[in-house]
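These numbers come from the heavy atoms of this one structure, side chains and all, not from hydrogens, waters or symmetry mates.
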Amino acid sequence: MTQTSDNVTWLTQEAYNKLKDELEYLSGPARTEITVKIAAAREEGDLRENGGYHAAKEEQGKQELRIRQLTQLLQHAKVGEAPADDGIVEPGMVVTIAFDGDENDTMTFLLASREYASDTIETYSPQSPLGVGVNGKKAGDDAQYELPNGKKATVKILSAKPYTG
């Protein structure tokens, strides 16, 4: 699970290990694989019309970007710190909201970095419009956020509990 605050990201030990393993793979074996692909494509001749070469170079660029993202994330990570169970919405919390105060029209989501998106619960970034709107609120509070069309929406915070995985 991740929480971003002032460029500090907290991670569970499991999430930290997973991201560290990904970084080690991308920095080692994956870099070697892409270098071999580029070299093989280069040997095919004219680079201007060589689709394999251009695809491999594009893949290399994406891979290097991910390496930089992971390096920065892990440099600013704190491991094992979870938010307090105080009912205040913050990253690392599972939040249940009601749309327009209608307690039959609800949604539950994890407020966390996209690095921790999972199949079991919808994840909203603290930097998303909804995340910004609910962050810092507590159960019973109303929160406003901006919709893609520029209009404002109001939700009621029903609960905020620490994510337990």
Side-chain angles (χ1 to χ4, degrees), residues 1-31 34 58-165:
M1 170 180 346
T2 61
Q3 167 183 339
T4 305
S5 174
D6 298 320
N7 286 336
V8 173
T9 301
W10 71 263
L11 302 166
T12 61
Q13 187 65 53
E14 178 185 5
Y16 180 87
N17 292 345
K18 179 181 164 194
L19 294 172
K20 191 167 186 271
D21 288 347
E22 181 183 354
L23 177 60
E24 287 173 5
Y25 170 74
L26 290 174
S27 298
R31 263 191 181 147
I34 197 69
E58 184 176 329
E59 183 180 342
Q60 181 185 40
K62 289 178 183 177
Q63 183 176 305
E64 291 301 319
L65 175 62
R66 181 65 177 157
I67 288 170
R68 285 192 302 276
Q69 289 171 334
L70 289 171
T71 299
Q72 183 176 14
L73 180 80
L74 294 173
Q75 282 175 345
H76 298 286
K78 287 189 177 184
V79 178
E81 297 175 27
D85 189 1
D86 55 10
I88 297 174
V89 177
E90 62 182 303
M93 301 292 269
V94 174
V95 182
T96 301
I97 58 173
F99 293 95
D100 295 319
D102 180 357
E103 301 209 7
N104 293 321
D105 186 10
T106 65
M107 177 173 75
T108 300
F109 61 92
L110 171 63
L111 186 64
S113 165
R114 287 298 200 189
E115 293 295 334
Y116 196 69
S118 87
D119 296 337
T120 58
I121 187 166
E122 184 123 19
T123 303
Y124 281 82
S125 164
Q127 290 80 29
S128 69
L130 178 58
V132 169
V134 300
N135 200 8
K137 304 286 186 187
K138 61 182 186 292
D141 287 351
D142 286 335
Q144 273 198 339
Y145 67 100
E146 192 170 321
L147 297 170
N149 64 8
K151 293 183 180 181
K152 298 277 186 189
T154 301
V155 295
K156 183 179 192 90
I157 311 296
L158 300 179
S159 69
K161 299 282 181 195
Y163 180 71
T164 57

Peer 1: Just verifying a value: how many Å separate D142 CG and I97 CD1, rounded to the nearest 0.5 Å?
Peer 2: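 Answer for the CG-CD1 pair, D142 versus I97, is 11.5 Å.
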
Peer 1: Would you mind reporting whether E22 and L26 have side-chain heavy atoms less than 4.5 Å apart?
Peer 2: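 The answer is yes, as the side chains (C-beta and beyond) meet within the 4.5 Å cut-off.
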
Peer 1: With sequence neighbours left out, write down each residue that passes side-chain hydrogen bond (donor to acceptor under 3.5 Å, both in side chains) with E59, or none if nothing qualifies.
Peer 2: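 K37.
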
Peer 1: Quick check for you: to the nearest 0.5 Å, what is the distance between R66 atom CZ and S27 atom OG?
Peer 2: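 R66 atom CZ to S27 atom OG measures 11.5 Å (nearest 0.5 Å).
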
Peer 1: I need the minimum non-hydrogen distance between S128 and S125, along with the two atoms involved.
Peer 2: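 For S128 and S125, the tightest heavy-atom pair comes out as OG-O, 2.7 Å.
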
Peer 1: Restricting to non-hydrogen atoms, name the atom on G92 and the atom on L110 that form the minimum distance, rounded to 0.1 Å.
Peer 2: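 What the structure gives for the nearest pair is C-CD1, 4.0 Å.
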
Peer 1: Between P91 and P126, what is the shortest heavy-atom contact and its length?
Peer 2: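 Reported closest heavy-atom pair: CG-CG, 3.6 Å.
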
Peer 1: Nearest 0.5 Å please: distance from the CD1 atom of I34 over to the CD atom of E58.
Peer 2: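 If we round to the nearest 0.5 Å, I34:CD1 and E58:CD are 10.0 Å apart.
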
Peer 1: Can you list the residues that meet the salt bridge (Lys or Arg N to Asp or Glu O under 4.0 Å) rule with K20, with sequence neighbours excluded?
Peer 2: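 For K20, the residues satisfying salt bridge (Lys or Arg N to Asp or Glu O under 4.0 Å) (neighbours in sequence not counted) are E24.
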
Peer 1: Restricting to non-hydrogen atoms, name the atom on A143 and the atom on I157 that form the minimum distance, rounded to 0.1 Å.
Peer 2: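 A143 and I157 have their closest heavy atoms at CB-CD1, 4.4 Å.
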
Peer 1: Check side-chain contact (heavy atoms from CB on, under 4.5 Å) between Y145 and all other residues, then give those that pass, not counting sequence neighbours.
Peer 2: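 Per chain and number, Y145 pairs via side-chain contact (heavy atoms from CB on, under 4.5 Å) with F99, P129, L130, L147, A153, V155.
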
Peer 1: Could you tell me which residues satisfy side-chain contact (heavy atoms from CB on, under 4.5 Å) with K152, sequence neighbours excluded, listed by chain and number?
Peer 2: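 In terms of side-chain contact (heavy atoms from CB on, under 4.5 Å), with neighbours along the sequence ignored, K152 is linked to Q144, E146.
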
Peer 1: In chain order, what residues pass the salt bridge (Lys or Arg N to Asp or Glu O under 4.0 Å) check against K151, with sequence neighbours excluded?
Peer 2: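 K151 satisfies salt bridge (Lys or Arg N to Asp or Glu O under 4.0 Å) with no residue once adjacent residues are dropped.
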
Peer 1: With L158, which residues qualify under side-chain contact (heavy atoms from CB on, under 4.5 Å), at least two apart?
Peer 2: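 Testing L158 for side-chain contact (heavy atoms from CB on, under 4.5 Å), a comparison that skips the adjacent residues, returns T96, A98, E103, T106, K156.
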
Peer 1: In Å, rounded to the nearest 0.5 Å, how long is the span from CG of L111 to CD1 of I121?
Peer 2: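 Reported value, rounded in 0.5 Å steps: 10.5 Å.
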
Peer 1: Minimum heavy-atom separation for V89 and V134, please, with both atom names.
Peer 2: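 So the two residues come closest at CB-O, 3.3 Å.
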
Peer 1: State, with a plain yes or no, whether a side-chain heavy atom of D85 is found less than 4.5 Å away from one of K161.
Peer 2: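 Side-chain contact under 4.5 Å: yes.
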
Peer 1: What pairs with E64 under side-chain contact (heavy atoms from CB on, under 4.5 Å), at least two apart in sequence or on another chain?
Peer 2: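 Residues passing side-chain contact (heavy atoms from CB on, under 4.5 Å) with E64: R31, Q60, I67, R68.
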
Peer 1: Identify the heavy atoms of D86 and M93 that sit nearest to each other, and give their distance.
Peer 2: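 The pair with the smallest heavy-atom distance is OD1-CE, 4.4 Å.
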
